[in-house]
Every structure is written in structure tokens, then in C-alpha cells.
Amino acid sequence: MDLETKAYLLSVGSVRHGQHLSGERSTAGPGAGGHSIFFRSGNRLVRLAEDPTSPLLLERLEGEAILSCEGREVARGTLVEPLCHCPDQAYITVCERCIYNCKFCAVPILCGAVKSFASIEEMITRAAATGRLKAISLTSGVEVSPEGEVDRVVQLVERLGCFRVPIGVSVCPTKRSNQLLKAAGACEVKYNLETVDRDLFPRVCPGLSFEEIMEALCEAVPIFGRGHVFSNVIVGLGESDRTLMEGIDELAEAGILPTLRPVYPHPLRRGELDMVRPGPERLLRLARYAKRALDRSGLRGDSALTMCYRCTGCDLVPGRDL
Ligand code: SF4
């Protein structure tokens with residue numbers, strides 16, 4: 001699968017199929033609640049949400065997986081079985097609830113479970129037993145307060161050190177989250193800005209502070225190291241390319257890796273925001289821009305140890321895909 005094909009698949013974002021597949025149910029973020037598959041071709045990986053109305057068709061033939069659109073083959077590869085949420089990592093949503101109400105995200109509406117430490121340790125033990133576990137990544141909605149959630153994840157990180165793999169954490173930051181997570185043993189953090197359009201931010205993430213998240217990201221860089229701090233930036237919320245490029249530059253110059261994520265307009269959020277999934281040309285343009293910005297700042301996407309820069313399923317990842 002070449003870069004352009006992956007960009008096309010990401011722009012579609014979904015797949016339909018005739019057979020039963022053991023797709024993974026997502027519990028985090030905008031796509032929460034849905035099932036998805038991981039398709040690998042060459043050294044590229046893509047995650048597609050299962051959707052019976054998708055224009056992409058998945059068929060399996062003698063161990064191969066074939067993706068086609070209107071009878072034309074698009075890519076040929078294999079399906080990859082996720083460990084916990086994604087291949088090679090135990091990526092676990094600790095708390096599937098959130099007191100915030102980000103307008104693209106289904107988590108506050110689905111109001112799912114809060115996993116016990118014992119159940120998480122059991123999941124990771126099972127993943128480790130496969131011999132494929134390369135990293136642990138933890139994310140969490142906010143059940144009561146950002147401080148309470150950081151405390152919970154800090155305790156968990158301390159307990160998970162026994163698995164001896166890198167641990168990355170994506171949470172809502174607090175004044176002390178960097179110091180606490182570092183001391184607990186986390187090696188990477190991701191604090192999501194979601195949009196780099198400061199005017200759009202209050203509409204997308206009401207109740208959250210853009211500047212506080214940015215401050216936490218900048219503070220994290222000397223603590224975790226350049227290239228080990230990340231922020232999701234959603235593409236398709238109504239922002240312009242110019243604003244996105246300025247945001248990419250701002251993050252890269254500060255030593256932060258932006259994860260450019262095509263928006264997933266969740267059915268539960270229909271009508272709340274004008275969300276338009278970006279086409280392949282826009283995804284390629286922005287990914288190439290991000291690659292150049294990271295290069296200028298001496299940042300390498302392939303040095304990431306955990307989370308989405310390591311997985312690559314949902315994005316065009318500089319340093320891995322291009
Ligand atoms: S890229 Fe990130 S969100 Fe997507 S499947 Fe991989 S770990 Fe999950």
C-alpha cells in the first residue's frame with residue numbers, strides 16, 4: 001500500500017464486509033462504541049471502522065485481505081488481530097466516561113464503564129502472554145475531576161511497571177500531571193488540543209482551556225524529552241489549512257508531535273458541529289507539511305515508543321508512513 005492509497009483509505013475511514021470478523025470495539029474518543037479492523041499492507045497499517053454502508057468492500061481470499069471499491073481493487077494485504085485496541089500495544093481506556101462535552105466525542109454520551117485495576121492488569125497479562133506486547137498506552141475520560149483522573153492513572157502506571165514495556169499516557173492535563181506521571185514511570189504523554197484553531201476551540205471543547213493544555217504540553221517537553229510529547233489535532237472541524245499549518249509549526253517548534261487525525265463524525269454527535277472528513281489530497285498535504293515541520297525541529301516520528309505514533313493505524317504518521 002503506497003502513501004496515496006493509505007490517504008484514500010483514511011479519507012473513507014470505513015469498510016463493509018460479508019463475513020463475521022472479530023473486529024475490536026473502540027471504547028475511546030470520537031469513534032467510541034464502534035467496531036473496527038486493522039489492515040496491513042507492506043509496512044503500512046490502517047484502521048477502518050466497520051460500516052455496512054461503506055463504499056469500501058473487504059473480502060478474504062486464501063489468507064489475504066482485499067479492499068475494493070465499485071469492483072476495483074484498491075489494496076491487498078492481511079488483517080491484523082489487535083492485542084487490546086491496537087496491534088502490539090495494550091491501549092486501554094481506563095474511564096469510559098467524561099464530565100466534559102467535546103462536540104465530536106461520543107464518550108460523554110455513551111457513559112461507559114470505569115475499569116478496575118485488577119481487570120486492567122488481567123487484560124495486560126493476557127496481551128503479554130502472546131509475546132507481542134511492545135507498549136502499554138493508557139487513556140481516560142474524566143469521571144469526577146482531571147486531578148482525580150490523573151491520580152488514578154498515576155497509581156495504575158506504578159502498578160504496571162512490572163510488565164517492563166514503555167508506558168504512555170493520554171489524559172486531561174493538570175498542574176502536576178507531568179511531574180506525577182514521570183515519577184510514576186510513564187515515558188510519554190499526550191494531551192489533546194483537538195483543534196489548533198483558538199477561535200473554534202471553545203465551541204469544540206467547552207469548559208476546557210486551550211492555553212492550559214498548551215502550557216502542560218510545553219512543560220512536558222523537558223520532562224519527557226523532545227519527540228515524546230504528543231497532541232491530537234483533529235482535521236475537519238471547520239478549521240482552515242492555514243490555521244492548521246500555523247498550529248503544526250507552533251507545536252513542532254516547541255518539541256511536540258501533532259497527531260493529525262481525520263474527524264470521525266459520530267452518529268451520536270450528528271448536527272452538533274459541522275464535521276467534514278478530509279479527502280486524501282488534504283490529508284497528504286497536511287502530512288507532508290507536518291513532516292517538513294518536524295524535520296526542521298529535529299523531531300522524529302519513528303522514535304515514539306507508545307500510543308498513535310507507534311501504532312499508525314488512524315493517521316499518516318511522519319517518520320513512519322512518510
Ligand atoms: S492510531 Fe491511535 S487511536 Fe488509532 S488504532 Fe492506533 S492507537 Fe488507536
Side-chain angles (χ1 to χ4, degrees), residues 1 3 6-7 9-15 21-41 43-51 77 79-94 96 102 104-107 112 123-124 127 132-141 165-171 186-194 228-236 257-266 277-278 283 286-287 290 301-302 304-322:
M1 165 165 62
L3 183 65
K6 179 168 175 180
L9 294 176
L10 284 175
S11 75
V12 177
S14 63
V15 70
L21 300 169
S22 57
E24 174 88 350
R25 191 181 76 86
S26 171
T27 54
H35 286 78
S36 55
I37 58 109
F38 289 86
F39 173 83
R40 187 185 296 286
S41 172
N43 56 7
R44 293 197 172 90
L45 178 78
V46 69
R47 176 194 188 205
L48 298 168
E50 294 179 41
D51 177 352
L79 295 185
V80 184
E81 196 66 33
L83 272 185
C84 295
H85 170 77
C86 73
D88 302 334
Q89 294 186 50
Y91 202 142
I92 293 174
T93 307
V94 182
E96 300 168 26
C102 296
F104 57 85
C105 183
V107 167
M123 289 165 82
I124 299 176
R132 289 165 48 207
L133 181 70
K134 304 280 191 325
I136 295 170
S137 299
L138 302 172
T139 186
S140 202
V165 291
I167 302 176
V169 172
S170 177
V171 286
C187 66
E188 294 183 331
V189 287
K190 179 161 72 153
Y191 303 140
N192 295 332
L193 287 167
E194 314 293 7
H228 296 287
V229 178
F230 311 88
S231 187
N232 276 13
V233 174
I234 299 175
V235 181
L257 294 161
T259 300
L260 299 175
R261 173 67 41 91
V263 71
Y264 174 70
H266 198 289
R277 196 150 175 109
L283 288 175
L286 292 168
D302 60 354
L305 302 168
T306 67
M307 300 185 279
C308 302
Y309 262 76
R310 176 105 192 228
C311 167
T312 75
C314 297
D315 319 293
L316 298 178
V317 178
R320 297 209 193 259
D321 287 312
L322 71 163

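Numbering of ligands and ligand atoms starts at 1, following listing order.
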Would R310 count as a contact of ligand 1 if the rule is a heavy atom under 4.0 Å away?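 For ligand 1, residue contact (heavy atoms, under 4.0 Å) with R310 is absent.
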Restricting to non-hydrogen atoms, name the atom on L10 and the atom on L283 that form the minimum distance, rounded to 0.1 Å.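 Looks like CB-CD1, 4.0 Å.
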Just let me know how K190 lines up against ligand 1, side chain, backbone, both or neither, with a heavy-atom cut-off below 4.0 Å.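 Neither part.
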How does H85 reach ligand 1, by side chain, by backbone, by both or by neither, if only non-hydrogen atoms under 4.0 Å count?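 Under 4.0 Å from ligand 1, H85 contributes side-chain atoms alone.
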Looking at F38, which atoms of ligand 1 are within less than 4.0 Å of one of its heavy atoms?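 Listed by number with element: 5 (S).
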Under 3.5 Å donor-acceptor, D88 side chain and K134 backbone: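 Not a single qualifying donor-acceptor pair exists.
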Is it the case that the side chain of S11 and the backbone of P278 share a donor-acceptor pair, with hydrogens and angles ignored and the cut-off at 3.5 Å?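 Flag not set: sc S11 to bb P278 has no pair under 3.5 Å.
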Using the side chain to side chain donor-acceptor pair (under 3.5 Å) criterion, which residues pair with S14? Sequence neighbours excluded.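 Result, side chain to side chain donor-acceptor pair (under 3.5 Å) vs S14: S54.
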Which residues pass the side chain to side chain donor-acceptor pair (under 3.5 Å) test with E188, not counting sequence neighbours?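 H228, T306.
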In Å, rounded to the nearest 0.5 Å, how long is the span from CD1 of I136 to CD1 of I92?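 One finds 7.0 Å between CD1 of I136 and CD1 of I92.
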To the nearest 0.5 Å, tell me how far C105 SG sits from H266 NE2.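 Taking SG in C105 and NE2 in H266, the distance rounds to 8.5 Å.
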What are the protein N/O/S atoms, named by residue and atom, that sit under 2.8 Å from atom 2 (Fe) of ligand 1?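 Under 2.8 Å from atom 2 (Fe) of ligand 1 - ignoring waters, which are not counted - the protein N, O or S atoms are C308 SG.
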Considering only residues two or more places apart or on different chains, which pairs with a residue in residues 312-322 satisfy side chain to side chain donor-acceptor pair (under 3.5 Å)?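 Side chain to side chain donor-acceptor pair (under 3.5 Å) check on residues 312-322 returns K6-D321, R261-D315.
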